[in-house]
*Asks:* 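To start, I am sharing the structure in question, which I have written as structure tokens.
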Amino acid sequence: MKNIKKVSGLALLVTLAVTSSCQQNAKKTSTAEMADTSKKAKYLSQPLISEIYTADPSAHVFNGKIYIYPSHDIDSGIPENDNGDHFAMKDYHILSMDSINGKVSDHGVALSVKDIPWAGRQLWAPDAAFKNGTYYLYFPVKDKQDVFRIGVATAKDPAGPFKAEPKPIEGSYSIDPAVFTDADGSKYMYFGGIWGGQLQRWNNGKYDANGSKTDSQKENEPALTAKVAKLSKDMLTFDGAVKDVVILDQNGKPLLTKDHDKRFFEGAWMHKYNGKYYFTYSTGDTHFLASAIGDSPFGPFKYQGTFMNPVQGWTTHHSIVEVKGKWYIFYHDTQLSGKTHLRNVKVTELTHNADGTIALIEPIKK
Ligand code: FUB
């Protein structure tokens with residue numbers, strides 16, 4: 001009995017000790033959880049995946065499923081600069097979801113820089129399109145002379161793997177291709193980006209390797225702008241000339257370089273709503289997403305204002321897609337890493353106002 005009592009006493013002590021330490025742990029855990037929850041609560045939406053870093057999400061519905069074509073961010077150790085050298089991505093992973101809030105699948109490597117015969121470095125923001133049983137992945141990458149060009153790769157499955165064509169698309173340059181399919185099946189590619197995207201170094205189809213690193217020299221001139229080209233029936237070439245995407249202000253005058261919080265920087269996208277063409281883009285160094293509306297895929301487009309305020313991170317890059325009668329915007333921020341070059345993709349609903357403008361999205365709750 002004595003022994004039993006002793007053991008019971010010891011057991012009681014151990015139980016008390018364990019209980020109190022458990023309570024402390026429980027307390028700690030719940031505090032940590034609360035902190036985590038409150039951090040999460042400040043964001044409008046949560047990262048779609050956290051196993052790899054992803055950015056620049058171009059979303060499409062293929063065969064009733066949502067496919068996302070993002071950049072795959074990696075930590076290359078290259079210091080940050082205005083050329084964007086720190087964005088040293090080497091491959092693409094394609095993501096898919098059965099529904100907007102559904103499970104996200106990562107389909108693994110769909111295309112690697114080492115398998116693109118003409119490529120040098122930096123696989124940046126891609127997009128995809130479908131025609132006659134083939135999926136086309138359009139991607140910007142620097143060639144072996146360190147000049148951004150746009151390439152195309154094909155696959156029979158929307159998730160790849162994709163096989164790259166031996167050469168870049170003739171007449172293509174700069175970054176961020178976005179392919180829009182109109183109601184009649186015609187396809188148009190919007191592309192271009194200033195600063196690290198090199199658009200300011202192109203003049204009349206010629207590249208100046210010693211050209212400016214930014215657009216800031218021409219403050220009172222019409223701003224540099226995105227380019228648009230119709231895609232040929234073969235989806236591998238441009239059909240006709242590359243044109244400027246002209247964005248006019250409320251007085252019908254082109255936006256100027258000094259309109260830093262309005263002018264095109266990079267990340268073009270096109271969607272059609274109620275018969276109008278919505279050209280949307282990033283203002284880059286001022287960190288907004290802006291929209292301009294036109295009556296033709298070639299424009300001109302009338303500037304409407306900004307519709308997304310700055311995200312956490314240097315800037316965002318988006319796509320807009322209709323899924324089962326609702327509109328969504330896919331975008332990225334740096335919630336997971338807190339680092340400019342290690343981003344994560346997200347999605348949230350997008351609303352068109354009664355007057356046709358896009359309702360303002362606040363990615364960080366106030
Ligand atoms: O991901 C690299 C570059 O950053 C993209 O091409 C730009 O749009 C910006 O998101």
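Computed from a prediction, not measured in an experiment: that's the story for all the values here.
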*Asks:* So, W314 versus F265, ring centres under 6.0 angstrom or not?
*Replies:*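 They qualify: ring centres under 6.0 Å apart.
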*Asks:* Roughly how far apart are D73 CG and R343 CZ, rounded to 0.5 Å?
*Replies:* 4.0 Å
*Asks:* Can you tell me how the ring of F279 sits relative to the ring of Y190, calling it parallel under 30°, perpendicular over 60° and tilted otherwise?
*Replies:* tilted
*Asks:* Distance from Q145 atom CD to W118 atom CH2, nearest 0.5 Å?
*Replies:* 11.0 Å
*Asks:* Regarding K187 and D239, does a basic nitrogen lie under 4.0 Å from an acidic carboxylate oxygen?
*Replies:*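 Between D239 and K187 there is no salt bridge, as every charged N stays at least 4.0 Å from the carboxylate O atoms.
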*Asks:* Run through T225, D285, T283 and flag the one making a side-chain hydrogen bond (donor to acceptor under 3.5 Å, both in side chains) with R263.
*Replies:* D285
*Asks:* Tell me whether the centres of the aromatic rings in F298 and Y188 are closer together than 6.0 Å.
*Replies:* yes
*Asks:* Applying side chain to side chain contact (heavy atoms under 4.5 Å, CB included), can you list everything that pairs with E51, at least two apart in sequence or on another chain?
*Replies:* I49
*Asks:* Between W195 and D215, does the side-chain hydrogen bond (donor to acceptor under 3.5 Å, both in side chains) criterion hold? Intermediate values first, please.
*Replies:* CA-CA 7 Å; W195 295 25; D215 62 331; 2.9 Å; yes
*Asks:* List for me each residue that meets side chain to side chain donor-acceptor pair (under 3.5 Å) alongside D208, sequence neighbours excluded, and say none if there are none.
*Replies:* none
*Asks:* What orientation do F62 and Y69 show, parallel under 30°, tilted 30 to 60°, or perpendicular over 60°?
*Replies:*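 Perpendicular, since the angle between the ring planes exceeds 60°.
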*Asks:* Is the closest basic N to carboxylate O distance between D82 and K213 below 4.0 Å?
*Replies:* no
*Asks:* Walk me through it: do S291 and Q304 pass the test side-chain hydrogen bond (donor to acceptor under 3.5 Å, both in side chains)?
*Replies:* CA-CA 6 Å; S291 71; Q304 302 294 316; 5.8 Å; no
*Asks:* Quick check for you: to the nearest 0.5 Å, what is the distance between I100 atom CD1 and F330 atom CZ?
*Replies:* 4.0 Å
*Asks:* Using a strict cut-off of less than 4.0 Å between a Lys/Arg side-chain nitrogen and an Asp/Glu carboxylate oxygen, indicate whether K142 and D85 qualify as a salt bridge.
*Replies:*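 D85 and K142: salt-bridged.
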*Asks:* Once you measure the plane-to-plane angle for W327 and H352, does it fall in the parallel (<30°), tilted (30-60°) or perpendicular (>60°) bin?
*Replies:*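 Aromatic pair W327/H352 classed perpendicular.
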*Asks:* Taking the side chain as every heavy atom from C-beta outward, state whether Q198 and Y207 have any atom pair closer than 4.5 Å.
*Replies:*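 In short, these two side chains touch, coming nearer than 4.5 Å.
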*Asks:* Classify the ring geometry of F180 against Y277: parallel below 30°, tilted from 30° to 60°, perpendicular beyond 60°.
*Replies:*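 Judged by the thresholds at 30° and 60°, the geometry between F180 and Y277 is perpendicular.
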*Asks:* Can you list everything that forms a salt bridge (charged side-chain N to carboxylate O under 4.0 Å, His left out) with D244? Sequence neighbours excluded, please.
*Replies:*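 If we apply the salt bridge (charged side-chain N to carboxylate O under 4.0 Å, His left out) test to D244, skipping adjacent residues, the hits are K227.
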*Asks:* In Å and rounded to the nearest 0.5 Å, what is the CE to CZ distance from M189 to F238?
*Replies:*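 Between M189 CE and F238 CZ, I get 5.0 Å after rounding to 0.5 Å.
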*Asks:* Classify the ring geometry of Y273 against Y278: parallel below 30°, tilted from 30° to 60°, perpendicular beyond 60°.
*Replies:*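 If you compare the ring of Y273 with that of Y278, the planes turn out perpendicular.
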*Asks:* Is the shortest side-chain N to carboxylate O distance from K326 to E322 below 4.0 Å?
*Replies:*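 Salt bridge: no.
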*Asks:* Mind telling me whether F87 and W124 have parallel, tilted or perpendicular rings, with 30° and 60° as the class edges?
*Replies:* perpendicular
*Asks:* For the aromatic rings, using the six-membered ring if either is Trp, is the centroid distance between F191 and Y173 under 6.0 Å?
*Replies:*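 For F191 and Y173, the ring centres are under 6.0 Å apart.
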